[in-house]
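Below is one structure; the comments refer to it alone.
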Amino acid sequence: MRWDRSSARRARLEVFAVEDTTVQLTWAALPAGSLEATVGGRTVRADVDGGPGSLVLDDLAPASDHRIVVRAGDLTAEVNAATLAPPPGPPRCRVATVGDLHLAGRSFGARGSVVERPRAAEAPSVRCARAALAEAVAWGAELVVVKGDVTHRGRSYQWRVAAELLAEVPVPVVVLAGNHDRGLYRSTEPWLAGVELGLRVVRGVEAVDLPGVRVVLADTSVPGRSRGRISHRDEAVVALAAAAPSALVVLHHQLELRPELPLWPPGVPRGEADRFLDALADAQPAALVTSGHTHRHRRRSHGRVAVTTVGSTKDYPGVWGGYAVHDGGIRQVVRRVADPDCLRWTELTRRGVAHQWGRLSPGTLGDRCFTQPWPVSV
Ligand SMILES: [Fe+2]
């Protein structure tokens with residue numbers, strides 16, 4: 001069969017993520033059986049079950065264009081992928097983020113319209129979070145930051161689910177609260193749950209130093225509100241960031257930029273967001289700020305500072321974020337959670353938000369995966 005337009009639309013075979021030496025291919029449906037991906041004379045094989053899947057090709061040449069030929073059943077397709085240049089200087093460390101876990105929620109979309117049928121014993125949010133954490137650690141994360149909306153409603157039992165999942169992670173974990181953790185239905189405060197359950201939950205502003213970078217974490221949540229704030233934290237964040245070789249600043253709420261559609265959910269209002277970013281760019285231009293909250297993927301620059309939002313573990317596309325720190329810069333990668341069970345769920349959630357979620361969330365490949373060299377003057 002030829003790879004015509006309708007087969008391509010059905011399969012949605014795409015390059016979802018790139019690094020300097022890897023490419024993640026994902027698809028919505030390919031003929032069941034075996035898949036072959038050939039790149040640069042090397043062929044990688046994988047089993048395909050007829051549903052959504054993912055394949056990571058590694059050991060590719062950096063900063064190069066790669067032509068990948070994919071064969072599955074009687075279909076043959078070609079995709080092109082450009083690997084990133086690594087940041088300048090030797091690699092120093094790797095950090096991963098997972099966000100908007102919404103444990104132990106079972107539905108997605110306006111009025112919870114997307115649900116799993118038949119209902120599995122364990123909620124999809126929990127299965128996706130567990131797989132995301134395992135895949136991020138396998139990628140090489142030395143620290144995992146959970147960047148808010150850990151729980152769906154801030155209930156004590158949801159924090160217990162979080163603690164059980166995070167106890168399985170073999171590297172240090174730091175947790176930020178999100179608006180869902182501090183919403184009107186909460187039965188505890190995140191830091192109280194943290195003390196009780198042995199989680200490191202950030203209260204105010206904290207930092208973790210790793211080789212080559214300081215990870216600065218700020219709680220932007222406001223009790224009972226969806227919107228976030230940073231004006232009461234910005235001096236502390238900027239001071240911590242400025243006193244390090246470089247800074248990865250992690251927040252729950254996005255720093256708003258208007259006009260930007262859609263406007264829901266509200267993040268940190270643009271006025272205070274800009275004041276914070278101005279101060280950070282002055283004091284520490286070797287910085288990347290990343291947030292969650294919108295469950296969408298976007299990237300922009302504020303002066304010399306890179307600003308990103310990265311999506312949720314449990315709704316389309318269903319991701320975790322990786323940060324490879326070098327002496328001369330940082331590389332962000334956003335990978336889809338590759339576990340087939342999770343991909344089946346996250347593919348289902350594309351139907352959310354009046355069937356628009358599949359279009360609203362992913363952003364572009366360049367929003368998700370890029371290399372940011374630190375400014376030369378640093
Ligand atoms: Fe969220």
Side-chain angles (χ1 to χ4, degrees), residues 96-115 123-133 144-155 158-159 161-162 165-166 174-186 189-190 193 201-202 217-230 250-256 260 262-268 289-298 308-321 334 336-337 342 345-346 348-350 352-353 356-358 360-363 367-368:
T97 61
V98 291
D100 295 284
L101 283 56
H102 289 257
L103 303 169
R106 285 186 170 272
S107 63
F108 180 66
R111 297 180 295 281
S113 55
V114 182
V115 291
S125 58
V126 179
R127 284 142 45 207
C128 290
R130 182 184 294 115
L133 290 162
V144 172
V145 179
V146 184
K147 58 189 173 81
D149 286 1
V150 184
T151 66
H152 193 49
R153 295 207 157 174
R155 310 295 296 181
Q158 295 172 341
W159 280 107
V161 171
L165 278 185
L166 296 173
V174 191
V175 176
L176 282 169
N179 53 300
H180 275 256
D181 303 311
R182 302 207 66 208
L184 296 173
Y185 299 105
R186 71 192 188 279
E189 292 292 0
V201 179
V202 173
L217 308 117
D219 173 23
T220 52
S221 67
V222 180
R225 298 286 303 275
S226 177
R227 182 176 278 298
R229 285 191 61 210
I230 198 154
V250 188
L251 314 170
H252 176 66
H253 290 86
Q254 84 275 19
L255 302 172
E256 282 188 359
E260 181 183 52
L263 301 175
W264 186 264
V268 174
V289 182
T290 187
S291 312
H293 188 49
T294 63
H295 298 214
R296 301 180 183 92
H297 301 82
R298 301 290 185 268
T308 69
T309 58
V310 174
S312 162
T313 47
K314 59 93 195 156
D315 50 74
Y316 186 81
V319 300
W320 52 271
V334 176
R336 285 192 77 179
V337 179
C342 299
W345 165 253
T346 53
L348 200 63
T349 62
R350 295 177 83 249
V353 194
Q356 294 302 304
W357 191 244
L360 292 172
S361 174
D367 285 329
R368 300 188 301 262

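Since we're looking at a predicted model, the values are computed, not measured. The figures that follow rest on heavy atoms only: side chains count, while hydrogens, waters and symmetry mates do not. For ligands, and for the atoms within them, numbers begin at 1 and follow the listed sequence.
Checking His295 against the Fe ion (ligand 1), an N/O/S atom falls under the 2.8 Å cut-off.
Closest N/O/S atom of His102 to the Fe ion (ligand 1): NE2.
Between Asp181 and His252 the shortest side-chain heavy-atom distance does not fall below 4.5 Å.
Angle subtended at the Fe ion (ligand 1) by Asp149 OD2 and Asp100 OD1: 90°, rounded to 10 degrees.
The closest donor-acceptor contact from the side chain of Gln254 to the backbone of Ser291 lies at 3.5 Å or more, if one exists at all.
The aromatic rings of His293 and His253 lie tilted to each other, with the angle between the two planes from 30° to 60°. In this pair, Trp357 and His295 present their aromatic rings perpendicular. The plane angle is above 60°, beyond the 30 to 60° band.
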